[in-house]
Chemist: 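This is the structure, below, for whatever I ask next.
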Amino acid sequence: MELFSDLLSTFASQLQKPALAFLLGGMVIAALGSKLSIPDAIYRFIVFMLLMRIGLGAGIEIRAANFGDVLLPALISLFIGCAIVLIGRFTLAALPQVRTEDGIATAGLFGAVSASTLAAAMVVLDEEGIGFEAWVPALYPFMDIAALVLAIVLASVHAHKQNGPSAKVALGPIFANSLRGSALSALLLGLVIGLVSRPEGVFEEFYDPLFRGLLSILMLVLGIEAWSRLDELRKVAHWYVIYALVAPLVHGLLAFALGYMAHLVTGFSPGGVILLAVIAASNSDISGPPTLRAGIPSANPSAYIGSSTAVGTPISIAVGIPLYLTLGQWVFGL
Amino acid sequence: MELFSDLLSTFASQLQKPALAFLLGGMVIAALGSKLSIPDAIYRFIVFMLLMRIGLGAGIEIRAANFGDVLLPALISLFIGCAIVLIGRFTLAALPQVRTEDGIATAGLFGAVSASTLAAAMVVLDEEGIGFEAWVPALYPFMDIAALVLAIVLASVHAHKQNGPSAKVALGPIFANSLRGSALSALLLGLVIGLVSRPEGVFEEFYDPLFRGLLSILMLVLGIEAWSRLDELRKVAHWYVIYALVAPLVHGLLAFALGYMAHLVTGFSPGGVILLAVIAASNSDISGPPTLRAGIPSANPSAYIGSSTAVGTPISIAVGIPLYLTLGQWVFGL
Amino acid sequence: MELFSDLLSTFASQLQKPALAFLLGGMVIAALGSKLSIPDAIYRFIVFMLLMRIGLGAGIEIRAANFGDVLLPALISLFIGCAIVLIGRFTLAALPQVRTEDGIATAGLFGAVSASTLAAAMVVLDEEGIGFEAWVPALYPFMDIAALVLAIVLASVHAHKQNGPSAKVALGPIFANSLRGSALSALLLGLVIGLVSRPEGVFEEFYDPLFRGLLSILMLVLGIEAWSRLDELRKVAHWYVIYALVAPLVHGLLAFALGYMAHLVTGFSPGGVILLAVIAASNSDISGPPTLRAGIPSANPSAYIGSSTAVGTPISIAVGIPLYLTLGQWVFGL
Amino acid sequence: MTHHATKISIITEKLNEQQIEQMVVEAGAKGYTVFEGSGRGSHSLKTRSRPSVVDAFSLIKIEVIVADREKADAIVEKIASTYFKDYSGIVYMETVEILRLEKF
Amino acid sequence: MTHHATKISIITEKLNEQQIEQMVVEAGAKGYTVFEGSGRGSHSLKTRSRPSVVDAFSLIKIEVIVADREKADAIVEKIASTYFKDYSGIVYMETVEILRLEKF
Amino acid sequence: MTHHATKISIITEKLNEQQIEQMVVEAGAKGYTVFEGSGRGSHSLKTRSRPSVVDAFSLIKIEVIVADREKADAIVEKIASTYFKDYSGIVYMETVEILRLEKF
Ligand SMILES: Nc1ncnc2c1ncn2[C@@H]1O[C@H](COP(=O)(O)O)[C@@H](O)[C@H]1O
Ligand SMILES: Nc1ncnc2c1ncn2[C@@H]1O[C@H](COP(=O)(O)O)[C@@H](O)[C@H]1O
Ligand SMILES: Nc1ncnc2c1ncn2[C@@H]1O[C@H](COP(=O)(O)O)[C@@H](O)[C@H]1O
Ligand code: NA
Ligand code: NA
Ligand code: NA
């Protein structure tokens, strides 16, 4: 009961946070038919700035990290990415009303990671004064790539069964393709630059101070986009909506449990556990879709983009972040 | 005489201000045929940033405002918006050399408000240390919408008389259309976010510090644009130029007088009176034109855009702001 | 020997600097096939911001300068611009494997100046605490225009000889054309605004603090671009690569020597000498190419853009800047 | 094995985009494609490179392919009579060859 | 002194751009031109003005002019059979007049 | 009630835009429309998605519709002889149907 009332008060206080206000604001003005829009070039630049900031920050601090500590959370991330896709494969994709390829692609997108949700969660933890290991954002690629690759493999196995023996799936290009996406490239480039050079100056006077402000604009874009994609969702089975509402909760709790285990075993920080849950609950909104479109061409993009952009992302930001935050505060007595 | 010499010295000191320097600089480089241009995406982003900053700022501080105080200035703004259009209707639009629709549309544009002029005036007042009520920028929509709606209605009444009974003008869509424009949407969204959530952090570390810098770039764009539109102005009657030079003065003085009245009655601040005069003297350069194009399709856009962009905007920034500032300093003994 | 070991340690420490890290990072991700790209509108805006910052900074401080001091370095800059083109005319362009027009255009590009290399060098000098006269960046146009105009004249003289008497080259339009380019326009506009108005506020709170961060992104763009242009280079004679590797060294040393002379004669600062060498060693990557394309239409753009963008720019940033810095520290005992 | 169809090209102010698209779909077209551009005609010059302070006036070209010539004529007629008194624009038709008749 | 040639227009998702371009060149075309656009067809609406969170799905039009009609037919056939089962898109042909036969 | 006219399409480097537009207008065309694009031909590849450090080399397509065939031939001739020795580009013509003969 206490957890529940804590949750309510966390929600109330998150509603005051600009990130959420801009997200909801974007949905409201799109619903009212406003012509306000953020130019595409600006949107893409903001995504670059956020991921570069996250990468640089992780890279700078990771220099001092004990690589042994990273191992368990990285394996857990890999595992979660795969688990989410398998769960989706045998629930959503197995439903008779859902085309198998569409279901698998959707599961892949929910297994992959949203950079914006990650950024929003980092800001919230920061504001709450909850620390986490600098390398936690670097867990992103492990979960992201695992989920996308597995989804593409499962879809191809399915096509194989349907159409008789076809060409084998080449894993190499799928890996390469997802690493080359603009989001992961920016994150990893920042990570490497942070590791091998001394970008502290530029980080502290440029990338870091602009982080929260640019995030507020990204939230506005995501809100507008979410509303505009609702239409697309109407064309597909109701199951997608139900999945998009329920699955993130399951994924986040699973990740929280495994993160808690790592906390007990290797002292993974409470903030890290919360962030891991948020990452797991999030769904890829930027780089996942094109990777899946290329990897599972027969899947209908309206199905997976509709459910992730219109439902999954707003839910994981507006509900997921406060939820895992409260859970963390409660479990770790923060 | 003293007023006049004060005016001259204010002018001289405003010429030193970057806003004006960038505006004139833009005109000069356009005149010299420079290929320098600010990308369209950047221009639209800057407008968003400025209006969001103005909206957030007003919203944050308005929480503490006494809504009674707002009432009189809001009514005055409504009245001025309508008065400007009526003045234009019976002067410019009544001239035999001017097509009635074109004249009415021009009056509508001069009744509406320029976000850039408003932003420039806020910076000037700030630098002069002259305070104003936080909600003054929120008077913008009252004047803007009143003017645009009335202009469209008058044009339609005119068409009605000319062509015999036609479909009645539906006011609802005109209101909605002008509220949905990107400029008002950004301002109002910022206002609401400022009112209901706590965006102080993002306001102080992002939107506010970038305000003056982004404004300088916007001034450059307006200068380039003003020069490039001069051509268009050459194609229409001289009366447009005369109107664009004289009308802002009349509108600003009218607003100053009414604002002064509010000062006496409800204690409307001197800075508020000056800002009200600047808003009234300004003409819409962003959201007004498309609203009028849609609402008065028979009016020739070269007429109203030429006179407002090429003459009205530079005049109201370069002449209007120093004028009402000096007048304010003189009247209120600042 | 000491110089050499100093050079190595300067290189090592420059490799730690974010500018170089972003440049190399851009080349690496392009080589790996990453889809990361900075939108064109952002790229153009960044170039504007950097040049406006450089212009404003020079303009603000130049007010107090002694114009007599500027004269000698300005003449030297003019001379270097011409000398570089003449050297290229009688080496690269005289080779039998190189089309004369292509060689002349390439020499013109290497005689012209790179705004990004200039900006990167300013940041490095700043970090090393080495001062320079505020007007040194204003030497840019002297060298740039001299080189471009002379290259176009030489190419036209060559065409004249080949094709018999043709129309005379009009110098006026070539001058005007190069001044009107977006890069020089921005620099000069900033210079004039800095000179005649008081943009200190906007300079210190907007243009200056964003300088290093935006430069890091520009370096990333240049790195990506360099790699992508390598292809083009493969299609032209090897001599272009050799020229692009060797010529900047020659140009920089020539400028260093002449700058040193000015140091002895008029007290030109050590930082100024270093910056002059960097400017001379750099090649135009933004405004030079279109000017040359228009002025020497028969020259193949792949030849000159390939060698300058793919080889010249990375070399002058990664090798040139540390080289002239070390030389300066050594010669002037800094 | 190709079929003949009519491609209608409508060049007009962006402001009219949504309404024209709706009109085209209501007239029975199964799709359309839109491009942004700039141009010059009897009305004033439209520009592209500068920030168009008034973006709504910039130009678009809407291409609509319909297999049925009569449908094409009806669309062209409707658009010419509705828009080109007050707004800038032109409309023209071409004959094209298509593969899948049922898609147009 | 003009010659006749066939212009192929392919409207499809940007995602396919590189592969189609390669296919076109391998089929013997000497060049192509690409434009960005947006549109509506039997698949869901493609939008332009909003930031396309998923840019790879936005539309492009690839125009290829080939002098040899058989080459054109082969290209059209190849593209229709490879792409239009899974991806949105249309392809059509027009006859154009060119000057320099050797360039196409 | 449509008329026949000739549509000229000129694909060339952006650098030449203003001069070609002027040439077209001087040759008697009553309007033109311009689109930005990218492409590949016998000269080097033009790209679109990357920031074109050298924007002036990116491609444009200028479309000009003229009712008078001879005027069209003259424009095409003039442009081919002036530009295509030094600059990349192609030009081609199509027949289109228009409504308002007086506008072209
Ligand atoms: N003859 C023409 N050829 C090509 N495009 C034209 C022509 N005339 C007009 N246009 C296009 O149609 C737009 C509107 O034309 P107008 O209504 O004549 O101003 C122009 O801006 C051009 O883009
Ligand atoms: N009848 C049509 N006329 C013009 N463009 C079309 C037509 N049908 C489809 N398209 C274009 O082709 C794209 C893909 O069509 P579809 O595969 O039917 O979704 C659409 O988004 C349009 O841009
Ligand atoms: N066969 C073709 N089909 C379509 N566009 C072409 C063709 N050849 C050339 N182009 C276009 O014209 C531009 C210049 O061609 P080029 O002068 O051959 O380099 C290319 O970048 C293409 O955009
Ligand atoms: Na996930
Ligand atoms: Na006004
Ligand atoms: Na140089």
Side-chain angles (χ1 to χ4, degrees), chain D residues 4-14 33-52 57-66 69-97, chain F residues 1-39 48 52 54-67 72 75 92-104:
Chain D
H4 284 276
T6 305
K7 181 173 86 172
I8 308 166
S9 298
I10 306 154
I11 298 178
T12 189
E13 298 175 40
K14 199 169 171 176
T33 311
V34 186
F35 303 94
E36 301 206 15
S38 58
R40 173 179 224 142
S42 53
H43 298 75
S44 67
L45 182 64
K46 305 296 176 307
T47 55
R48 186 182 69 261
S49 47
R50 289 203 327 266
S52 42
F57 298 2
S58 69
L59 288 180
I60 49 161
K61 180 192 200 182
I62 306 180
E63 292 184 351
V64 189
I65 301 178
V66 286
R69 173 71 201 211
E70 258 146 55
K71 218 185 255 175
D73 284 336
I75 292 175
V76 163
E77 192 47 55
K78 184 83 185 284
I79 281 167
S81 64
T82 318
Y83 286 99
F84 297 152
K85 210 180 106 261
D86 286 334
Y87 297 98
S88 341
I90 59 171
V91 60
Y92 59 87
M93 288 183 286
E94 283 156 288
T95 300
V96 301
E97 285 172 72
Chain F
M1 261 320 306
T2 62
H3 310 270
H4 285 276
T6 306
K7 181 173 86 171
I8 307 167
S9 298
I10 305 155
I11 297 178
T12 189
E13 298 175 38
K14 199 170 172 175
L15 192 72
N16 300 323
E17 175 170 353
Q18 286 199 356
Q19 283 180 293
I20 293 191
E21 287 170 1
Q22 201 181 318
M23 188 180 286
V24 157
V25 169
E26 280 166 9
K30 295 205 185 128
Y32 55 78
T33 310
V34 186
F35 303 94
E36 301 205 14
S38 58
R48 187 181 66 261
S52 41
V54 193
D55 183 50
F57 298 2
S58 68
L59 289 180
I60 48 161
K61 181 193 201 182
I62 305 180
E63 291 184 351
V64 190
I65 300 179
V66 286
I75 291 175
Y92 58 87
M93 290 183 284
E94 284 156 289
T95 300
V96 302
E97 285 172 71
I98 54 170
L99 294 184
R100 298 164 295 167
L101 198 56
E102 69 286 358
K103 262 196 82 75
F104 297 93

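All chains are named by letter (A, B, ...) in the order of the sequence lines, taking the proteins before the strands, and each is independently numbered beginning at 1.
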Chemist: Do Thr6(D) and Glu97(F) come close enough that some side-chain heavy atom pair is under 4.5 Å?
Modeler: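 They are not in side-chain contact.
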
Chemist: Let me see the working for Glu36(F) and Glu36(D) under side chain to side chain contact (heavy atoms under 4.5 Å, CB included), right down to the final yes or no.
Modeler: CA-CA 8 Å; Glu36(F) 301 205 14; Glu36(D) 301 206 15; over 6 Å; no

Chemist: For Lys61(F), which atoms come within 4.5 Å of any heavy atom of chain D: side chain, backbone, both, or neither?
Modeler: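 For Lys61(F), neither part sits under 4.5 Å from chain D.
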
Chemist: Given the options Thr95(F), Ile98(F), Val96(F), which has more heavy-atom pairs under 4.5 Å with chain D than any of the others?
Modeler: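 Option with the greatest count: Val96(F).
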
Chemist: Nearest heavy-atom pair of Thr2(F) and Met93(D): which atoms, and what distance?
Modeler: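 Closest pair (atom of Thr2(F), atom of Met93(D), distance): CG2-CE, 3.7 Å.
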
Chemist: So, do Lys103(F) and Phe84(D) sit near enough that their side-chain heavy atoms are less than 4.5 Å apart?
Modeler: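 No; the side chains remain at least 4.5 Å from each other.
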
Chemist: Please examine the side chains of Arg40(D) and Lys30(F), heavy atoms only from C-beta on, and report whether any two atoms are closer than 4.5 Å.
Modeler: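 Heavy-atom side-chain distance check fails, nothing below 4.5 Å.
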
Chemist: Rounded to the nearest 0.5 Å, how far does CZ of Phe35(F) lie from CD1 of Ile60(D)?
Modeler: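 Going from CD1 on Ile60(D) over to CZ on Phe35(F), the span is 10.0 Å.
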
Chemist: Check Leu99(F) against Ala80(D) and note the closest heavy-atom contact, atom names and distance.
Modeler: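 Closest heavy-atom pair between Leu99(F) and Ala80(D): CD1-CB, 3.6 Å.
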
Chemist: Check the surroundings of atom CD in Glu102(F): do more than 12 heavy atoms from other residues, nucleotides or ligands lie under 6.0 Å from it?
Modeler: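 Check passes, neighbour count above 12.
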
Chemist: Check whether Ile65(F) gets within reach of chain D through its side chain, its backbone, both or neither, counting any heavy atom under 4.5 Å.
Modeler: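 When you check distances to chain D, only side chain atoms of Ile65(F) fall under 4.5 Å.
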
Chemist: Please give me the minimum heavy-atom distance between Tyr92(D) and Glu63(F), naming the atom from each residue.
Modeler: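 Shortest heavy-atom separation between Tyr92(D) and Glu63(F) comes out as OH-OE1, 3.3 Å.
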
